[in-house]
Amino acid sequence: MLRAARNRPAKNTDPTRKLPARKRIDGFGAVGLFGLLLVTVVALLPDLFTPFDPQLRVAQALLPPSTVHLFGTDEIGRDLFSRVVLGVRYTWIPSLIIVAVSFVLGSTIGLVSGFFGGWIDIILQRVTDIFFIVPSMLFAIAFAAVLGPGIEHTVLAITMCWWPWYTWIARDELRRIHASPHYAGARVAGATKARLLFRYSVPGVIPSLIVAAGVDVSNVVMTLSLMSFLGLGEPNPAPELGALVSRSLDSLATFWWLPILPAVAIFFICLSANLLGDGIRHMLKGR
């Protein structure tokens, strides 16, 4: 028994090495992945999925959903399904850009702040705190209103208030790693700063940032849709999903498909993103 205990492998004390993760994503995560792959294909190749020109009148106005017009027609006579397909592009691609830029910018600032510490950490954290003091949604709305309508301005406004979240995650994870015996042992052994950063710090931070980004996609989609709902996105007649809901909300009781079906598209994107984000979290954490 003593020999067995002596030969038993020691517990892993390296905080940068996660517990054995699942090799495959779970079932719900696979559903979310399939949903987002479908959304991405539709966003990149909308012409393949639009039976009619989204900007032209193709039939009588306010026709209900049918086999010819799957989502019916709008108040002008444009095919609503074609407009929703194009609206997916206006919503999904900017959302990915916001998450990607926020991920890179926020994690880089957090890594620099946590790794070097001292006055660099103080200055960067005070700048980050400024963006946390003002409610992010209020700041984004005010910033977009100043710049004027347009999808580029909306993306810039949301990104300006979204990156601090990743800064805090990167910095907190880095401080946890630096407090570990494994990292202290590497420093005592004479590891260079470059090795400490790229061998121990960055690999330990990336998994948490990936999990945060995966879960955060749906929040960005909802925020972007809300901005377009408030009229701060691409101007009319651009078929942004949030704007499609906003423009036809008064018709909910009579022509229900006008606001409901674009809202269903937003719900589908957010649900798929949440399922995939949870699947990524379970896979990386090994739960």
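Note that the structure is a prediction, hence the values are computed from the model and not measured. Values reported hereafter were calculated over all heavy atoms of this structure, with side chains retained and with hydrogens, waters and symmetry mates removed.
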Show me the donor-acceptor pairs within less than 3.5 Å that the side chains of residues 100-120 make with the rest of the protein, sequence neighbours left out.
from: S102; atom 1: OG; to: I98; atom 2: O; distance (Å): 2.8
from: S107; atom 1: OG; to: F103; atom 2: O; distance (Å): 2.4
from: S107; atom 1: OG; to: V104; atom 2: O; distance (Å): 3.3
from: T108; atom 1: OG1; to: V104; atom 2: O; distance (Å): 2.6
from: S113; atom 1: OG; to: D121; atom 2: OD1; distance (Å): 2.2
from: S113; atom 1: OG; to: Q125; atom 2: NE2; distance (Å): 2.9

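Placement of F71 and V58 in two distinct hydrophobic clusters is found when ILVMFWY residues are connected by side-chain heavy-atom separations under 4.5 Å, directly or transitively.
Ring geometry for W257 versus F255: interplanar angle over 60°, hence perpendicular rather than tilted (30 to 60°).
The CG atom of L226 lies 4.5 Å from the CG atom of L230; values are rounded to the nearest 0.5 Å. With rounding to the nearest 0.5 angstrom, the CG atom of L38 is 5.5 Å from the CZ atom of F268. Here the CZ atom belonging to R83 is positioned 9.5 Å from the OH atom belonging to Y90, to the nearest 0.5 angstrom. Within the model, atoms CZ of F143 and OG1 of T154 stand 11.0 Å from one another, a figure rounded to the nearest 0.5 Å. With rounding to the nearest 0.5 Å, the separation of SG in C161 from CG in L138 is 10.0 Å. Between atom CZ of residue F267 and atom OG of residue S272 there is a gap of 9.0 Å, rounded to the nearest 0.5 Å.
The backbone N or O of R195 sits less than 3.5 Å from a side-chain atom of T192, completing a donor-acceptor pair.
The shortest non-hydrogen separation linking T73 to L258 is O-CD2, 3.6 Å. Scanning both residues, P262 and L241, for their nearest heavy atoms gives CB-O, 4.0 Å. The shortest non-hydrogen separation linking W92 to V217 is CZ3-CG1, 3.5 Å. Residues V215 and D278 come closest through the heavy atom pair CG2-OD1, 4.5 Å.
Sorted by first then second residue, the salt bridge (charged side-chain N to carboxylate O under 4.0 Å, His left out) pairs that include residues 122-146, not counting sequence neighbours, are R126-D129.
Between T128 and R171, every side-chain heavy-atom pair lies at or beyond the 4.5 Å cut-off.
Looking at residues two or more places apart in sequence or on another chain, you find a side-chain contact (heavy atoms from CB on, under 4.5 Å) between W165 and I169, A212, D216.
Partner of F81 under the side chain to side chain contact (heavy atoms under 4.5 Å, CB included) criterion, chosen from L70, L86, L261: L70. Screening V99, I151, I158, T159 against P94 for a side chain to side chain contact (heavy atoms under 4.5 Å, CB included) leaves a single residue, I151.
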